[in-house]
Amino acid sequence: MSKANWFPYDWAIADQLETSLINRIESWLDELKQTHKNIYLIRNEETISTWSLHEFENNEVKHYEGYMPDFILVLDDGDIMYQVYMEPKGDQLLERDEWKQELLESIRPENIEIIGETKDVRLYGVKFYTTGDGRGIYDELKKKEIFH
C-alpha cells in the first residue's frame, strides 16, 4: 500500500477481512475518481486515536463505551466532503455488535447538525462489511449518491 496515495499509510495492521475491505475499495477507485478529486481511506487505529462515536437517546448516552469504526472513507468532490464510516465484521460477531451497526446506519446528513466552519460535509455510516461485500455496502453507497 506504500504506493497507494489514497491509503495514507506505508503499512497498517489489518486482518484478512480488513484487507478484503481495503481491496474492495481499491476496486472502486476508477469509478470514485470520476467525481471525487481526493480519495482517502483512513485506518482508525485505537492505539493512535481516542476518537469514537457515541450513541445518544433523549439527550442521554445510550452506550458509554463508545465505538471506533475501523475505517473512514473520505471523498472530496471539490464542493462537498463525504466521510463514510465503515467496519468489517465477521459473521460470528454480527449479532453481538448489532448496536454498532445500528449506530453506523443512523449516521446520515439529515440526522446530524454540523457545528463548525462549513456545512459542506456529509457524514454517512454503512452496514458492516462482510466477506465479499455480502451485505452490499457498494449498493448502499450508490443509493446515497456517493458515486454520483
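- Side chain of Asn44 to main chain of Pro69: a donor-acceptor pair is present (N/O by atom type, distance under 3.5 Å, no hydrogens or angles).
- Crowding of Asp30 atom CG: a count of heavy atoms from other residues, nucleotides or ligands under 6.0 Å not exceeding 12.
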Exercise for the section: Determine, step by step, whether Leu141 and Trp28 satisfy the side-chain contact (heavy atoms from CB on, under 4.5 Å) criterion, reporting the C-alpha distance in whole Å, the side-chain angles of both residues, the deciding distance to 0.1 Å, and the verdict. Expected result: CA-CA 11 Å; Leu141 291 172; Trp28 303 339; 3.7 Å; yes
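- Considering all non-hydrogen atoms of both residues, Arg108 and Glu140 come closest at NH2-OE2, 3.6 Å.
- When every heavy atom of Lys144 is checked against every heavy atom of Gly125, the shortest pair comes out as CE-O, 3.9 Å.
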Practice task
List the steps and the verdict of side-chain contact (heavy atoms from CB on, under 4.5 Å) for Val126 and Leu104.
Solution key: CA-CA 6 Å; Val126 293; Leu104 285 176; 6.0 Å; no
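- Two residues are said to be in side-chain contact when any heavy atoms from C-beta on lie closer than 4.5 Å; Phe128 and Arg135 meet this criterion.
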Practice task
Starting from the C-alpha separation in whole Å, work towards a yes-or-no answer on side-chain contact (heavy atoms from CB on, under 4.5 Å) for Tyr40 and Asp76.
Solution key: CA-CA 9 Å; Tyr40 301 102; Asp76 177 8; over 6 Å; no
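- The two atoms that bring Pro109 and Arg122 nearest to each other are CG-CD, 3.9 Å, heavy atoms only.
- Ile22 CD1 to Leu73 CG: the interatomic distance, rounded to the nearest 0.5 Å, is 11.5 Å.
- A donor-acceptor pair under 3.5 Å is formed between the side chain of Glu87 and the backbone N or O of Asp70.
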Handout entry: Step-by-step side-chain contact (heavy atoms from CB on, under 4.5 Å) determination, Lys100 to Leu93
Key = CA-CA 11 Å; Lys100 295 176 182 178; Leu93 300 173; over 6 Å; no
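- Scanning both residues, Asp120 and Asp79, for their nearest heavy atoms gives CB-O, 3.2 Å.
- Between the Asp133 side chain and the Arg24 main chain, no donor and acceptor come within less than 3.5 Å of each other.
- Between Asp77 and His36, the shortest heavy-atom contact is CB-ND1, 3.7 Å.
- Distance CH2/Trp6 to CD1/Ile39: 9.5 Å, rounded to 0.5 Å.
- With hydrogens and angles disregarded, no donor-acceptor distance shorter than 3.5 Å links the side chain of Glu105 to the backbone of Glu102.
- Here the closest non-hydrogen pair linking Thr19 and Ala14 is OG1-CB, 3.7 Å.
- Ring pair Tyr124/Tyr82 is parallel by interplanar angle, where below 30° counts as parallel and above 60° as perpendicular.
- Looking at heavy atoms from C-beta onward, Phe71 lies in side-chain contact with Arg43 at the 4.5 angstrom threshold.
- The closest side-chain heavy-atom distance from Thr130 to Leu94 is below 4.5 Å.
- Leu21 CG to Glu18 CD: the interatomic distance, rounded to the nearest 0.5 Å, is 8.5 Å.
- Rounding to the nearest 0.5 Å places CG of Asp91 at 8.5 Å from CG of Leu17.
- The CG atom of Leu75 sits 11.5 Å away from atom CD1 of Ile80, with the distance rounded to the nearest 0.5 Å.
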